Amino acid sequence: MKKTHNQKLKLGVFVVIGLILFVVAVYLIGNRQNMFVKTFNISANFNNVNGLMQGNNVRYSGINIGTVKTISMINDSTINVDMVIEEKMVQHIKKDAIATIGTDGLVGNMIVNIIPGKGDSEMIAPGDVIQSYTKIGTDEMLNTLNVTNENAALLTAKLLNIADAMADSKGTFGMLINDTVVSSNLKQTVNQLRIMSIEANKSMKSLNTIINTINFQESVAGVLLNDSIEAQKIRVLLTNLEATTAGVNSVISNLNETIEDYKNSKGAVNYLFNDEEFVKNLEQSLININEGTNKFNQNMEALKHSFLTRRYFRKLEKQQKKKAKS
Amino acid sequence: MHNIQAPILEIKDLKKSFGANHVLNGFNLELFEGENVVIMGRSGSGKSVMIKCLVGLMEPDSGSIRVMGKEISTLNPEDLNTLRTDIGFLFQGSALYDSMTVRENLEFPLRRHKQKFAQIKDPTELVLEVLESVGLVHAIDLMPAELSGGMQRRVALARTLILKPKIILYDEPTSGLDPITSKEIIELMRRVQRQYKTSSLIITHDVDCARVVSERIILLIDGINYLEGNYETLKNSDDEKVKAFFK
Amino acid sequence: MFRNPGFMLKLNLIRSFFIEIGELSYFARRFFKEIFKKPFEFNEFLKQCFQVGNRSFLLVGVTAFIIGLVITLQTRPTLEEFGAESWMPSMVSISIIREVGPVIIALTFAGRIASGIGAELGSMRVTEQIDAMEVSGTNPFNFLVVTRVLAATLMLPVLVILGDAIALYGSYVVENLKGDVSFQLYFNKVFNALEFGDIIPATIKTFFFGFAIGLVGCFKGYYCEKGTVGVGKAANSAVVFSSMLLFIIDFIAVFITDIFFEI
């Protein structure tokens, strides 16, 4: 009798452990699919969902808060993505939140990222359609960069012409120097040119380092860049940029020389003052240069946000912060 | 002793065949209360088939079997089980349940035949009683594998006795035992017959057993009851087939 | 052509195969009839659960642990090449829960239980214990077959769940040694990868596995041929037949799962 009691006890323990394991597993799986928490639905419309599937995670500021419930075409260019969100998250999501589609790691699943909005608008309500944002692809970004580059090249050519013209007409320029307004303008220009060239140099260096790191990284991104047309484009872009910078530098040194010359020049060149066309040209060029610099900066900014290079820039920032601290 | 009463067990014209092999071919038998009958026959002559038909383990092709006035073939399973409590069956190889102790083996028949033993509260009492009558009280908590062949046979007999049957069917009670143990078992059978006042039907080819235990011997040859009589009559028979048994 | 002895032999083989299937079907039908017949042998059922379940646990546990270990060790280099070691838990868990766990554990279970039941019932048949049971008023089918088949049906799923857990633990051990993954992270990833479509059909099919193993074991033992050779044959063919049946059931189960869970 004792023996069978013992057996029954062991059998009971055995079965109960099995059942508990099963229930825990079911609970954990169900928990992940938000089966045991209160939920509500929100949706967003996209032009392209990049292979998002039912059941993919929805993240809010990087926290898993729900899953994709349905994906449906509502017209030829708009796709509605319905998402199930944990109810306790409702107080944190505002109506101006933006949904984007991204990947969980380089080869991971697709996910919907909900980015918090800036303002203090109302809390989201069940059934709301939030804004969506389709990220600019690397391809498009590189295209704009190329256009800017070509512009910069044109600009340089023009500047060179001007500089040459100035070098040729020594007399004319003398006049300019005596005029305070013009000369201060000129000084500003030169200063701006300097800043620009320094910036351009910096950018060049950063770009070079990026490319180098990308090359030597044995990451998927590295491989991708080395093999694809993208990489080729970037290389072309860089050579162009280098040429431009060199051009800008030479302009600046030319200008410097000219100015030095005129500082030391004995003769006054009065009639330059009357040459309105020249001044206008000069002003136009300066505006052009300014524009070029701005565009270049924008490109750099865009590059910073691209997923391929983001990590590098973050690193850079961190290092700078470290330096600033120490 | 057994003339006026109706027989406790009666077989009429029993036939059973397996394919083309006609094992029983019109076998007749009467067993009266308190009588001990031995059925002798060669191996494969259908003795075992015959007693298996008696307890409903096999169905005969034709013929009637009446046990205590009841026709076996017409009984429903429940009544058959009730009837079986009155028929003890000692199997050839003892047939003790290997996975149970001696005590559990003996208690096993009681599980389903409670109505007959409703007044008995403690089955242990009954178990001890039958174990005592076969002289194996000390073996109550052993497993069958720990017992010798003779002891196993005795436990099997005890298991048969525990239901207090009116008839005991012995299927080769001495097979596989050495002569000395065989004698012990035969002695035990005689004692049990006296103590429990049972009728018995014994199947054997052991002539010694037949001589000691039985009042009447039936020879089962060619599927029929070939010859009947007591030991002396049969031994002195001139029939060639009968002589073969008593060499 | 019909006189060709080789051909006749093959014909007989096919014939006996179908006869076997038919007999097994009758046996299964009888099981479903008798399972509702009173009395239900509850104590014997518990005893068999213990024999079938607890007694198989060590075997199943060791097998499962090694399976988890081996799968992880062997898949790791491949995933490492892609830099995708972090996918290890999800990959291993899905393959173990869905297929490897149930099938391997059921196979070891068949090896132990089908042969055990086959031999036990076979020897009981040969030594007339089954007859003795019937004579003493107990329905041997109810007492022996129903309890054993039920025990196998209900215990195998429990064993598979425990075995799966152990296999995943084995896999975690390797991951922890090689990749320094914490217990919590590992199982977080495991449950992230799993879905109901993985665990529910896999658990349901183990009931059928258990039923098949118990039924075939009992069938072979219950209709065992006389003699010790018959017992050996019963045990042997119980394992062979039930393993084969297992794969057939698995195939059907995968088919059905495919339809209902759209994987």
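In what follows, chains are A, B, ... by sequence order, proteins preceding strands, each numbered from 1. From a predicted model like this one, the values you see are computed outputs, not experimental measurements.
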**Student:** Looking at C/V190, C/L154, C/V158, which has the largest count of heavy-atom pairs under 4.5 Å with chain A?
**Tutor:** C/V158
**Student:** Indicate the ring-plane relationship of C/Y172 and C/F187, choosing parallel, tilted or perpendicular according to the 30° and 60° boundaries.
**Tutor:** tilted
**Student:** At a heavy-atom separation under 4.5 Å, does C/I97 approach chain A through its side chain, its backbone, both, or neither?
**Tutor:**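 Neither; nothing under 4.5 Å.
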**Student:** Is it the backbone or the side chain of C/N43 that comes under 4.5 Å from a heavy atom of chain A, or both, or neither?
**Tutor:**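 Contact with chain A: side chain only.
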**Student:** Tell me whether the rings of C/F45 and C/F40 are parallel (<30°), tilted (30 to 60°) or perpendicular (>60°).
**Tutor:**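 C/F45 and C/F40: tilted rings.
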**Student:** Can any side-chain N or O of C/S136 pair as donor or acceptor with the backbone N or O of C/A132 at less than 3.5 Å?
**Tutor:**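 Pair found, side chain donor or acceptor close to backbone of C/A132.
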**Student:** With a 4.0 Å cut-off, would you call C/K205 and C/E99 a salt bridge?
**Tutor:**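 Salt bridge present between C/K205 and C/E99.
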